[in-house]
Amino acid sequence: MFELDGRVAVVTGGNGGIGLGMARGLARAGARVVVAARNEAKSKAAVAELERLGAEALAVPLDVTDEASIAALVPAVTARWGRLDILVNNAGINIRKPAHELEPAEWRRVLDTNLTAAFLLARAVYPVMKRQGGGKIINIGSMLSIFGAAFAPAYGASKGGLVQLTKSLASAWARDNIQVNAVLPGWIDTDLTRQARREVPGLDELVLRRTPAGRWGVPDDLAGVAVFLASRASDFVTGAVIPVDGGFSIQL
């Protein structure tokens, strides 16, 4: 039920952090993995790592804020492997400022990267998934999909919106056998959260105190849920929002 042999998965921002952790999980389950990201050197290194796991992998340059770049993604993937079964909308950014200091251009940059891009990518893969008889879309939200943070109004809005987009797409495309679900990572140890720990005093202590698991997550903690949501095991799961957070969201 969890085998992905012959399936083709696109992971945006798949050359590091959570995206690469998910890509490793999909690769180990047998998927061919497309690393779609801007940094070509990092993508090349990620592809080499996935190939060492025994997977077929491909790097495709992608700027998720550029509609032409998004439009070129599906033809590049299908030209190589003839199909596209799984999309992981993982690419994202954050600008940590309170609302009264956030510039409109900064707001738009975060929303365009985290939310609008996910919509455009889902719309781009829909025709090929429908033609194939089904597919899987996995949107990566955040703890800030459900909690508020004074230092991240744009990020929280984008990730909350991504959850609602997930439910809308799941409802619209269920008849086409396309399952659309969201994953809400907790506090995962990545380059982005290391920057957050430098910028937000006391964040490390707060996370450790509130997380029942007593630790920060690591990118490979997301591998299992990625395989589940990409495989036949989740064929009757759609519109779900799944925290992977060591219990952070259940703790007072």
Side-chain angles (χ1 to χ4, degrees), residues 11-24 37-39 41-42 45-46 64-65 88-118 138-166 182-226 241-252:
V11 184
T12 70
N15 58 9
I18 288 170
L20 183 53
M22 289 187 150
R24 284 192 289 259
R38 288 182 300 177
N39 188 316
K42 283 183 66 178
V64 298
T65 65
V88 181
N89 275 317
N90 167 74
I93 62 167
N94 190 6
I95 297 174
R96 295 178 188 87
K97 290 183 179 180
H100 59 279
E101 295 179 4
L102 193 70
E103 295 294 332
E106 293 173 322
W107 169 273
R108 286 190 291 269
R109 182 183 170 204
V110 174
L111 270 290
D112 285 349
T113 302
N114 296 1
L115 180 57
T116 303
I138 305 168
N139 293 324
I140 308 306
S142 165
M143 286 293 98
L144 295 189
S145 297
I146 51 178
F147 296 114
F151 56 82
Y155 185 81
S158 71
K159 293 299 188 177
L162 192 59
V163 166
Q164 294 308 115
L165 175 65
T166 297
V183 174
L184 308 187
W187 290 101
I188 309 300
D189 184 23
T190 66
D191 290 342
L192 291 177
T193 58
R194 289 179 205 125
Q195 180 68 23
R197 275 173 273 182
R198 289 190 289 270
E199 295 178 355
V200 182
L203 179 60
D204 185 56
E205 293 79 5
L206 170 65
V207 169
L208 293 176
R209 183 172 65 250
R210 182 164 173 164
T211 304
R215 66 173 177 87
W216 286 69
V218 296
D220 280 358
D221 286 326
L222 280 298
V225 72
V241 181
I242 303 175
V244 181
D245 64 354
F248 184 93
S249 59
I250 63 166
Q251 185 90 329
L252 286 174

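For Asp191 and Arg194, the salt-bridge test passes: some basic side-chain N is under 4.0 Å from an acidic carboxylate O. Contact check on Arg215 versus Asp221 returns a salt bridge, with a Lys/Arg side-chain nitrogen under 4.0 Å from an Asp/Glu carboxylate oxygen.
For the pair Ser249 and Leu184, the minimum side-chain heavy-atom distance is 4.5 Å or more. Taking the side chain as every heavy atom from C-beta outward, Asn139 and Val183 never approach each other to under 4.5 Å. Contact check for Asp245 versus Thr211: no side-chain heavy atoms found under the 4.5 Å cut-off. Side-chain contact check for Arg96 versus Asn94: some heavy-atom pair is nearer than 4.5 Å. Side-chain contact check for Ile95 versus Tyr155: every heavy-atom pair is 4.5 Å or farther apart. Taking 4.5 Å as the limit, every side-chain heavy atom of Thr116 sits out of range of all side-chain heavy atoms of Thr65. The closest side-chain heavy-atom distance from Leu20 to Asn15 is not below 4.5 Å. Between Ile140 and Val88 the shortest side-chain heavy-atom distance falls below 4.5 Å.
Ala91 and Val64 make their closest contact through CB-CG1, 4.1 Å (heavy atoms, listed as atom of the first residue, atom of the second, distance). Closest approach of Gly141 and Pro185 over heavy atoms only: O-CD, 3.4 Å. Residues Pro98 and Pro153 share a closest heavy-atom pair of C-CG, 4.3 Å. For the pair Thr190 and Gly17, the tightest heavy-atom approach, listed with the atom from each and the gap, is CG2-CA, 4.0 Å. Between Gly14 and Ala46, the shortest heavy-atom contact is O-CB, 4.1 Å. Across all non-hydrogen atoms, the minimal contact from Glu101 to Lys97 is O-CD, 3.7 Å.
Here the CG atom belonging to Leu111 is positioned 12.5 Å from the CD atom belonging to Glu106, to the nearest 0.5 angstrom. The CD1 atom of Ile188 sits 5.0 Å away from atom CD1 of Ile18, with the distance rounded to the nearest 0.5 Å. In this structure, CG on Asn90 lies 7.0 Å from CE on Met22, to the nearest 0.5 angstrom. Considering CG of Leu206 and CZ of Phe248, their distance stands at 5.5 Å, rounded to 0.5 Å. Atom CD1 of Ile138 sits about 9.5 Å away from atom CG of Asn89, to the nearest 0.5 Å. Atoms CZ and CD, on Arg109 and Glu103 in that order, are 13.5 Å from each other to the nearest 0.5 Å.
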task = Could you walk me through whether Leu115 and Leu165 pass side chain to side chain contact (heavy atoms under 4.5 Å, CB included), step by step?
result = CA-CA 8 Å; Leu115 180 57; Leu165 175 65; 4.3 Å; yes
task = Go through the steps to decide whether Trp187 and Leu203 satisfy the test side chain to side chain contact (heavy atoms under 4.5 Å, CB included), and finish with yes or no.
result = CA-CA 10 Å; Trp187 290 101; Leu203 179 60; 3.9 Å; yes
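Asp204 and Trp216 are linked by a side-chain donor-acceptor pair at a separation below 3.5 angstrom, with hydrogens and angles left out of the test.
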Side-chain donor-acceptor distances from residues 142-149 under 3.5 Å, at least two apart:
{"unit_1": "Ser142", "atom_1": "OG", "unit_2": "Leu144", "atom_2": "N", "d": "2.9"}
{"unit_1": "Ser145", "atom_1": "OG", "unit_2": "Ser142", "atom_2": "N", "d": "3.2"}
{"unit_1": "Ser145", "atom_1": "OG", "unit_2": "Ser142", "atom_2": "O", "d": "3.1"}
{"unit_1": "Ser145", "atom_1": "OG", "unit_2": "Lys159", "atom_2": "O", "d": "3.0"}

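Arg209 pairs by the side chain to side chain donor-acceptor pair (under 3.5 Å) definition with nothing, not counting sequence neighbours.
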